[in-house]
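Every chain is numbered from 1, with letters handed out A, B, ... down the list of sequences. This is a predicted model, so every value here is computed, not measured. Atoms considered below: every heavy atom in the structure, side chains included; atoms not considered: hydrogens, waters and symmetry mates.
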Amino acid sequence: MAFKHVYRTLFKKYGPQHWWPGDSPFEIMVGAVLTQNTSWTNVERAIANLVTADALSADAILTATHEQLAEWLQPSGYFNIKARRLRNYCEWYVQQGAYEKLRRWTTDRLRVALLSVNGVGPETADDILLYAFDRPVFVIDAYTRRLFSRLQLVTGEEHYEELRELFEKRLAREKSLVPLFNEYHALIVIHAKDVCKTKPRCEICCLRRRCPGAMA
DNA sequence: ACCCAGGGTCATA
DNA sequence: TATGACCATGGG
């Protein structure tokens, strides 16, 4: 009940978020790679560069040189690494027949394949599964860990898969899992941006009246 | 001048 | 298995 209660509390406070910000599945995939350890505003600039260059497609990205791609990605940081990662992803994506083919794969098969791409880790893979392929996958990020360890619903030491399975199990009885997981992850991120803005080092608040993180 | 962001890989022990 | 270095920009 606790996991659903946190969701209801966040939803009541912030309302529906309608994630992921992005107009197409491919844009969502690009954003998922570029937002690794990076603020979304910087990612938007990089994506805007791709749009301006008419390069927001796997073919265009694969055609560009490394230097050209890195230049487009520059505002999102880690641009050399991300240029390579995005290229790796596009190579895989095109080889597998792109969206129409991948759309028919089972979720487990798709996750294993995504994780085989160098530069796609568990969170990026799950972002893509949930937001680009509409699969019932709960995305675990640093905020989720922090929030739920503050609430003492997890220790925070769990491995990624362990946490993902816990969340999915706890919410398994709910209806419409895809919309639920979609909103839940989005709400956690929005909450992180909203709380404790005034304190430089304040970590995300828990949903209790007294936030332990607000002290010290 | 710090701190940190919607992580992931690689080398090392 | 698990820790640490590394990647790099822009906002608070």
For a 4.5 angstrom cut-off between non-hydrogen side-chain atoms, does [X] reach [Y]?
| X | Y | answer |
| --- | --- | --- |
| A:Asp126 | A:Arg135 | no |
| A:Leu166 | A:Glu162 | no |
| A:Pro16 | A:Glu183 | yes |
| A:Trp92 | A:Leu114 | yes |

Dot-bracket encoding per residue of DNA chain B, Watson-Crick/G-U cut-off under 3.5 Å, | denoting interstrand: .||||.|||||||
A:Arg145 to A:Gly156 - nearest heavy-atom pair and separation: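 Nearest pair, atom of A:Arg145 first, then A:Gly156: NH1-O, 3.3 Å.
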Residues from residues 40-53 of chain A lying under 4.0 Å of DNA chain C - heavy atoms: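 Those residues whose heavy atoms fall under 4.0 Å from DNA chain C, taken from residues 40-53 of chain A in numerical order, are A:Asn42, A:Arg45.
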Near-strand residues of residues 115-134 of chain A, defined as heavy-atom separation under 4.0 angstrom from DNA chain C: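 By residue number: none to list.
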Parallel, tilted or perpendicular: rings of A:Trp20 and A:Trp40 (30°, 60°):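 It falls in the perpendicular class, over 60°.
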Aromatic ring pairing A:Tyr89/A:Tyr93, orientation class (parallel under 30°, perpendicular over 60°, tilted between):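 Taking A:Tyr93 first and then A:Tyr89, their aromatic rings lie parallel (interplane angle under 30°).
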Qualifying residue, where the test is ring pair (Phe, Tyr, Trp, His ring centres under 6.0 Å) with A:Phe167 and the options are A:Tyr7, A:Phe181, A:Phe148: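 Running ring pair (Phe, Tyr, Trp, His ring centres under 6.0 Å) over A:Tyr7, A:Phe181, A:Phe148 with A:Phe167 returns exactly one hit, A:Phe148.
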Taking only N and O in the side chain of [X], is any of them less than 4.0 Å away from OP1 or OP2 of [N]?
| X | N | value |
| --- | --- | --- |
| A:His159 | C:dT1 | no |
| A:Arg146 | B:dA5 | yes |
| A:Asn80 | C:dA8 | yes |

Atom [atom1] of [X] and atom [atom2] of [N]: how far apart are they, to the nearest Å?
| X | N | atom1 | atom2 | answer |
| --- | --- | --- | --- | --- |
| A:Ile140 | B:dG8 | CD1 | P | 12 Å |
| A:Ile188 | B:dG6 | CD1 | C1' | 11 Å |
| A:Lys82 | C:dT9 | NZ | P | 11 Å |
| A:Gln74 | C:dG10 | CD | C1' | 10 Å |
| A:Met29 | B:dG7 | CE | P | 19 Å |
| A:Arg85 | B:dT9 | CZ | P | 6 Å |
| A:Ile81 | C:dC7 | CD1 | C1' | 5 Å |
| A:Arg87 | B:dT9 | CZ | P | 18 Å |

A:Tyr160 over B:dG7, stacked by centroid distance under 5.5 Å, angle under 30°: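 Stacking between A:Tyr160 and B:dG7: absent.
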Nearest listed nucleotide, side chain of A:Asn37, among C:dA8, B:dG6, B:dG8: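 So the side chain of A:Asn37 is nearest to C:dA8.
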Closest nucleotide among B:dA5, C:dC7, B:dG7 to the A:Ser39 side chain: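 For A:Ser39, the side-chain atoms sit closest to B:dA5.
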Aromatic ring proximity A:Tyr99/A:Phe133, centre distance under 6.0 Å: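 Yes, the ring centres sit under 6.0 Å apart.
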Path from A:Tyr78 to A:Leu73 over hydrophobic side-chain contacts below 4.5 Å: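 Hydrophobic grouping puts A:Tyr78 apart from A:Leu73.
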Shared hydrophobic cluster, A:Ile61 / A:Ile81 (ILVMFWY, side-chain heavy atoms < 4.5 Å):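 A:Ile61 does not cluster with A:Ile81.
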Nearest-angstrom distance, P atom, B:dG6 to C:dC6: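 It works out to 24 Å between them.
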Heavy atoms from other residues, nucleotides or ligands near CZ of A:Arg87 exceed 12 (cutoff 6.0 Å):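 Counting neighbours around CZ of A:Arg87, more than 12 heavy atoms of other residues, nucleotides or ligands fall under 6.0 Å, so yes.
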